[in-house]
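Here is the structure we will look at, set down as structure tokens.
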Amino acid sequence: KALEDIEIVFRKLFLVGAPQAYYGGSAWDEKNGIAFKYIGDGTTKVFEAYVKVAVGEGFKLTGDGKTWNNGNYGTDGAVAAISGGQTFSLVDSGTSSDLKVADADGPGLYYVKVDLGAMTAKVVKMQWGVIGAATAGGWGGETAMGYDFTTNTWSYTGSDITAGEMKFRTANTGVYINGTGKEWT
């Protein structure tokens with residue numbers, strides 16, 4: 001293709017809702033949405049983000065983070081609970097329902113993957129842990145870390161860590177996010 005025939009498309013998606021207040025903004029401020037990362041292949045409309053959400057809180061998505069007129073993506077109200085996460089069918093309507101992800105899985109940090117081509121969102125509550133020779137479970141068993149909702153941090157307070165190798169991982173969560181048996185390490 002000639003240089004003048006190349007069209008660069010920057011795809012964008014923003015979260016607007018109660019979680020904005022945890023990241024220095026005002027809740028439900030459609031003019032300052034939280035940006036998602038574009039993870040598509042240039043033709044697909046796939047995005048991801050990590051967001052802290054409490055029970056009773058919801059959010060929607062917008063295409064430009066400045067107005068509801070460029071996509072007002074919410075759910076039709078139905079939530080399909082799956083092993084390790086939730087899936088939502090999205091609709092682009094001012095009458096759509098909020099995505100209330102913590103109502104099913106409790107407060108925490110959530111991975112949100114949105115496919116606007118398929119009009120779906122998959123949401124998985126993050127669960128981090130440690131594994132390795134330095135941990136009580138060795139390489140055969142992950143030891144869970146605790147999540148502090150207020151500070152949005154993970155920690156391990158056990159006294160059983162010893163000298164040796166270890167990794168931080170979210171093995172089961174990783175399986176649910178990427179759909180394979182592959183672990184995140």
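We're numbering straight along the sequence, starting at 1. Computed from a predicted model, the values in this text were never measured in an experiment.
When side chains are defined from C-beta on, L109 counts as touching W154, because their heavy atoms get closer than 4.5 Å. Side-chain contact between V114 and F36 is present, with at least one heavy-atom pair separated by less than 4.5 Å. Side-chain contact between F59 and V112 is present, with heavy atoms from C-beta onward closer than 4.5 Å. No side-chain heavy atom of M119 sits under 4.5 Å from any side-chain heavy atom of S89. Inter-residue side-chain proximity for F88 and V101 is flagged as met; some heavy-atom pair is nearer than 4.5 Å. Considering only heavy atoms from C-beta on, I39 stays 4.5 Å or farther from F47 through its side chain. With a 4.5 Å cut-off on side-chain heavy atoms, T62 and E30 do not count as touching. For the pair K100/T75, no side-chain contact is recorded, criterion being any heavy-atom separation below 4.5 Å from C-beta on.
With rounding to the nearest 0.5 angstrom, the OH atom of Y50 is 15.0 Å from the CD1 atom of I34. Rounding to the nearest 0.5 Å gives a distance of 9.0 Å between NZ of K52 and CD of E57. Between the NZ atom in K12 and the CG atom in L61 there is a gap of 16.0 Å [rounded to 0.5 Å]. Of the inter-residue distances, the one linking N70 atom CG with F14 atom CZ reads 9.5 Å to the nearest 0.5 angstrom. Rounding to the nearest 0.5 Å places CG of D105 at 9.0 Å from CD of Q127.
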Show the numbers, then the answer: is there a side-chain contact (heavy atoms from CB on, under 4.5 Å) between I161 and M166? CA-CA 9 Å; I161 300 288; M166 71 176 196; 4.0 Å; yes
Please assess F149 against Y22 for the test ring-ring contact (aromatic ring centres under 6.0 Å, His included), listing each intermediate value before the final yes or no. CA-CA 10 Å; F149 188 86; Y22 299 123; 5.3 Å; yes
Take Y147 and N152 through the test side-chain contact (heavy atoms from CB on, under 4.5 Å) and record every step on the way to the result. CA-CA 7 Å; Y147 176 71; N152 198 27; 2.4 Å; yes
Would K60 and V16 count as a side-chain contact (heavy atoms from CB on, under 4.5 Å) here? Give the steps. CA-CA 5 Å; K60 288 187 175 186; V16 177; 5.5 Å; no
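Scanning both residues, G58 and D98, for their nearest heavy atoms gives CA-CB, 4.0 Å. Nearest approach of D92 to N72, heavy atoms of both residues: OD1-N, 2.8 Å.
Side chain to side chain, Q86 and Y110 fail the donor-acceptor criterion of an N or O pair below 3.5 Å. Using modelled atom types, one finds a donor on one side chain and an acceptor on the other under 3.5 Å when comparing T44 with D41.
The backbone N or O of G106 sits nowhere less than 3.5 Å from a side-chain atom of D103 that would complete a donor-acceptor pair. With K125 contributing its side chain and P107 its backbone, the two residues share a donor-acceptor pair below 3.5 Å. Panel note: side chain Q20, backbone D29; a donor-acceptor pair is recorded below 3.5 Å. A donor-acceptor contact shorter than 3.5 Å is absent between the side chain of S96 and the backbone of D76.
Other residues sharing a hydrophobic cluster with I131 under the 4.5 Å side-chain heavy-atom criterion for ILVMFWY residues are W139.
The pair R169-E142 meets the salt-bridge criterion, since a charged nitrogen lies less than 4.0 angstrom from a carboxylate oxygen.
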